[in-house]
**Student:** 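Here you go, one structure.
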Amino acid sequence: MQKLPREFYDRDTVTVAQELLGKYLVRKVGNLNRIGRIIEVEAYLGPHDLAAHSAKGRTKRTEVMFGPPGHAYVYLIYGMYHCMNVVTEQEGHASAVLLRALEPIENITSRTQGPGLLCQAMQIDRQLNGWDLLSEGFYVAAEELSSRGLTAGPSVFPQKILDPAVKPRDDNCAPRDDIVIIKRPRIGVDYAGAWAKKLLRFYLKDNAFVSRR
DNA sequence: CTCGGGATGCGT
DNA sequence: CGCATCCCGAGG
């Protein structure tokens with residue numbers, strides 16, 4: 001299970017968001033690793049982005065967004081659900097990628113199609129706000145390596161991002177062939193004016209676990 | 001301190 | 001479409 005390096009997160013947020021698709025979120029609960037393949041995300045582009053929490057400035061709540069990349073920003077929404085982001089770009093940029101849906105891979109027993117359900121299924125709450133995703137027990141991995149030693153699923157087949165703007169890289173974070181990414185406006189941010197219309201929601205085409213709405 | 005509303009999900 | 005449920009951030 002190849003953990004994503006700090007440099008992966010320390011890049012342009014849209015690039016990170018798109019390259020997170022197909023990667024694996026790993027969360028150890030008890031002695032079991034819960035693993036889900038990330039198939040839907042949204043990019044939040046910093047204080048300038050009126051849909052981003054960091055647009056309110058540096059507050060107690062948004063503190064983590066203003067911190068270094070590769071950390072989890074987890075917050076409570078509507079008094080009953082949690083949402084999980086990964087912080088991107090250099091410290092101070094206050095950008096992040098919201099994880100919206102997973103495809104269950106291992107040890108997941110409840111629904112994962114939506115940011116609140118995803119956190120429920122992975123047992124993610126505000127205790128994990130600020131968590132460094134380069135430590136053990138909670139991180140994102142580049143490839144599935146089943147703890148039972150099973151062969152890789154379809155997600156490990158050669159894949160490609162069909163966006164000429166996204167260039168392949170030489171390291172293990174390289175985008176893979178055949179991934180087709182759908183781009184849509186972000187959900188639930190109608191208050192953000194022109195920013196609500198930008199195509200910053202990304203998901204894998206035809207994946208059955210994309211959140212509805 | 002109060003108050004309005006929220007990066008949601010579920011039932012009607 | 002209503003609503004649960006509570007924290008956040010703004011304003012007095």
Side-chain angles (χ1 to χ4, degrees), chain A residues 9 11-21 23 25 27 34 36-67 69-89 92-104 108-131 133 138 140 181-204 207-213:
Chain A
Y9 302 102
R11 294 182 296 159
D12 166 73
T13 302
V14 170
T15 302
V16 175
Q18 293 185 140
E19 291 191 19
L20 276 171
L21 296 176
K23 302 292 193 291
L25 183 65
R27 165 97 174 104
R34 299 186 185 184
R37 184 174 175 239
I38 300 167
I39 58 95
E40 179 182 348
V41 298
E42 283 176 0
Y44 288 86
L45 306 187
H48 201 65
D49 176 357
L50 295 183
H53 290 168
S54 53
K56 302 280 186 187
R58 187 168 193 146
T59 66
K60 185 157 191 177
R61 181 208 207 182
T62 61
E63 184 73 22
V64 175
M65 277 189 88
F66 283 83
H71 291 249
Y73 166 47
V74 182
Y75 65 92
L76 180 68
I77 182 109
Y78 298 111
M80 53 181 74
Y81 295 103
H82 294 270
C83 289
M84 180 205 164
N85 302 250
V86 299
V87 176
T88 59
E89 309 205 26
H93 279 235
S95 303
V97 175
L98 170 70
L99 304 189
R100 285 195 58 92
L102 303 175
E103 178 181 328
I108 293 180
T109 54
S110 59
R111 302 180 65 201
T112 52
Q113 34 194 299
L117 294 176
L118 178 160
C119 284
Q120 245 170 31
M122 298 295 275
Q123 206 165 117
I124 294 167
D125 61 28
R126 280 183 304 168
Q127 288 189 329
L128 292 171
N129 188 37
W131 180 274
L133 294 169
F138 183 35
V140 183
I181 297 177
I182 305 298
K183 305 172 185 182
R184 291 287 183 271
R186 292 171 293 184
I187 290 182
V189 296
D190 292 342
Y191 56 82
W195 284 92
K197 301 197 166 114
K198 296 184 181 289
L199 304 180
L200 293 172
R201 175 186 179 215
F202 308 108
Y203 57 87
L204 295 183
N207 191 287
F209 295 92
V210 172
S211 66
R212 41 168 197 76
R213 258 212 252 205

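First the proteins, then the strands, lettered A, B, ... as listed; each starts at 1. Heavy-atom basis, side chains included; hydrogens, waters and symmetry copies ignored.
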**Student:** Between the base of B:dT8 and the ring of A:Y81 - centre-to-centre under 5.5 Å, planes within under 30° - is that a stack?
**Tutor:** no

**Student:** Side chains of residues 189-201 of chain A: which donor-acceptor partners sit under 3.5 Å, not counting sequence neighbours?
**Tutor:**
unit_1 : atom_1 : unit_2 : atom_2 : d
A:Y191 : OH     : A:A51  : O      : 3.4
A:W195 : NE1    : A:H48  : O      : 3.4
A:R201 : NE     : A:E40  : OE2    : 2.9
A:R201 : NH2    : A:E40  : OE2    : 2.9
A:R201 : NH2    : A:S211 : O      : 3.3

**Student:** Considering non-hydrogen atoms only, spot the tightest contact between A:A52 and A:G46 and give its length.
**Tutor:** CB-O, 3.7 Å

**Student:** Provide, to the nearest angstrom, the distance between the NZ atom belonging to A:K56 and the C1' atom belonging to C:dG9.
**Tutor:** 7 Å

**Student:** State which of B:dA7, B:dG6, C:dC8 makes the closest approach to the side chain of A:Y78.
**Tutor:** B:dG6

**Student:** As a test of reading the structure: which of B:dT8, C:dC7, C:dA10 is closest to the side chain of A:L76, going by heavy atoms?
**Tutor:** C:dC7

**Student:** Side chain of A:R126 only, heavy atoms from C-beta on: which candidate in C:dT5, B:dT8, C:dC7 is closest?
**Tutor:** C:dC7

**Student:** If only side-chain N and O atoms of A:H53 are considered, is one of them under 4.0 Å from the OP1 or OP2 phosphate oxygen of C:dC8?
**Tutor:** no

**Student:** If you only use heavy atoms from C-beta on, which nucleotide in B:dT8, B:dC10, C:dC8 is closest to the side chain of A:R111?
**Tutor:** B:dC10

**Student:** Measure across A:A55 and A:D49 and return the closest heavy-atom pair with its distance rounded to 0.1 Å.
**Tutor:** CB-O, 3.4 Å

**Student:** A:H82 NE2 to C:dC8 P: how many Å, rounded?
**Tutor:** 11 Å

**Student:** Given 3.5 Å as the limit, does a donor-acceptor pair link the side chain of A:T88 with the main chain of A:T13, or not?
**Tutor:** no

**Student:** Just how far, in rounded Å, is P of B:dG9 from CD1 of A:I77?
**Tutor:** 9 Å

**Student:** For A:A43, does its backbone N or O pair with a side-chain atom of A:R186 as donor and acceptor, under 3.5 Å?
**Tutor:** yes

**Student:** Which pair of non-hydrogen atoms, one from A:I39 and one from A:V210, has the smallest distance, and what is that distance?
**Tutor:** CD1-N, 3.5 Å

**Student:** Base, sugar-phosphate, or nothing for A:G116, non-hydrogen atoms under 4.0 angstrom?
**Tutor:** sugar-phosphate

**Student:** May I ask you to verify if any side-chain N or O of A:R100 is less than 4.0 angstrom from the OP1 or OP2 atom of B:dT8?
**Tutor:** yes

**Student:** Please report the distance, rounded to the nearest Å, between CG in A:L99 and C1' in B:dT8.
**Tutor:** 15 Å

**Student:** To the nearest Å, how far apart are A:E40 CD and B:dA7 C1'?
**Tutor:** 11 Å

**Student:** With no hydrogens and no angle check, is any side-chain donor or acceptor of A:T62 less than 3.5 Å from a backbone partner on A:M65?
**Tutor:** no

**Student:** What's the closest nucleotide to the A:L117 side chain, out of B:dC10, B:dT8, C:dT5?
**Tutor:** B:dC10

**Student:** Using centres under 5.5 Å plus planes under 30 degrees as the test, is A:Y44 stacked with B:dA7?
**Tutor:** yes

**Student:** If I compare all heavy atoms of A:L128 with all of A:Q123, which pair ends up nearest, and what's the gap?
**Tutor:** CD1-O, 4.1 Å

**Student:** What's the CG-P distance between A:L50 and B:dG6, to the nearest Å?
**Tutor:** 14 Å

**Student:** Under 4.0 Å from any atom of DNA chain C, heavy atoms only: list the residues of residues 188-201 of chain A that qualify, in numerical order.
**Tutor:** none

**Student:** May I ask you to say what A:R186 touches in the nucleic acid, namely base, sugar-phosphate or nothing, with a heavy-atom cut-off under 4.0 Å?
**Tutor:** nothing

**Student:** Quickly work out the A:R212 CZ to B:dG11 P distance and round it to whole Å.
**Tutor:** 10 Å

**Student:** Can you check the A:M84 CE to B:dA7 P distance for me, whole Å?
**Tutor:** 18 Å

**Student:** In plain terms, say whether A:R11 and A:E89 are close enough for a salt bridge, that is, a side-chain N and a carboxylate O under 4.0 Å apart.
**Tutor:** no

**Student:** Parallel, tilted or perpendicular: which one describes the rings of A:Y75 and A:H53, with boundaries at 30° and 60°?
**Tutor:** perpendicular

**Student:** Return one dot-bracket line describing DNA chain B 5' to 3' (Watson-Crick or G-U wobble pairs, both distances under 3.5 Å; ( ) same strand, [ ] crossing, | another strand, . none).
**Tutor:** ||||||.||||.

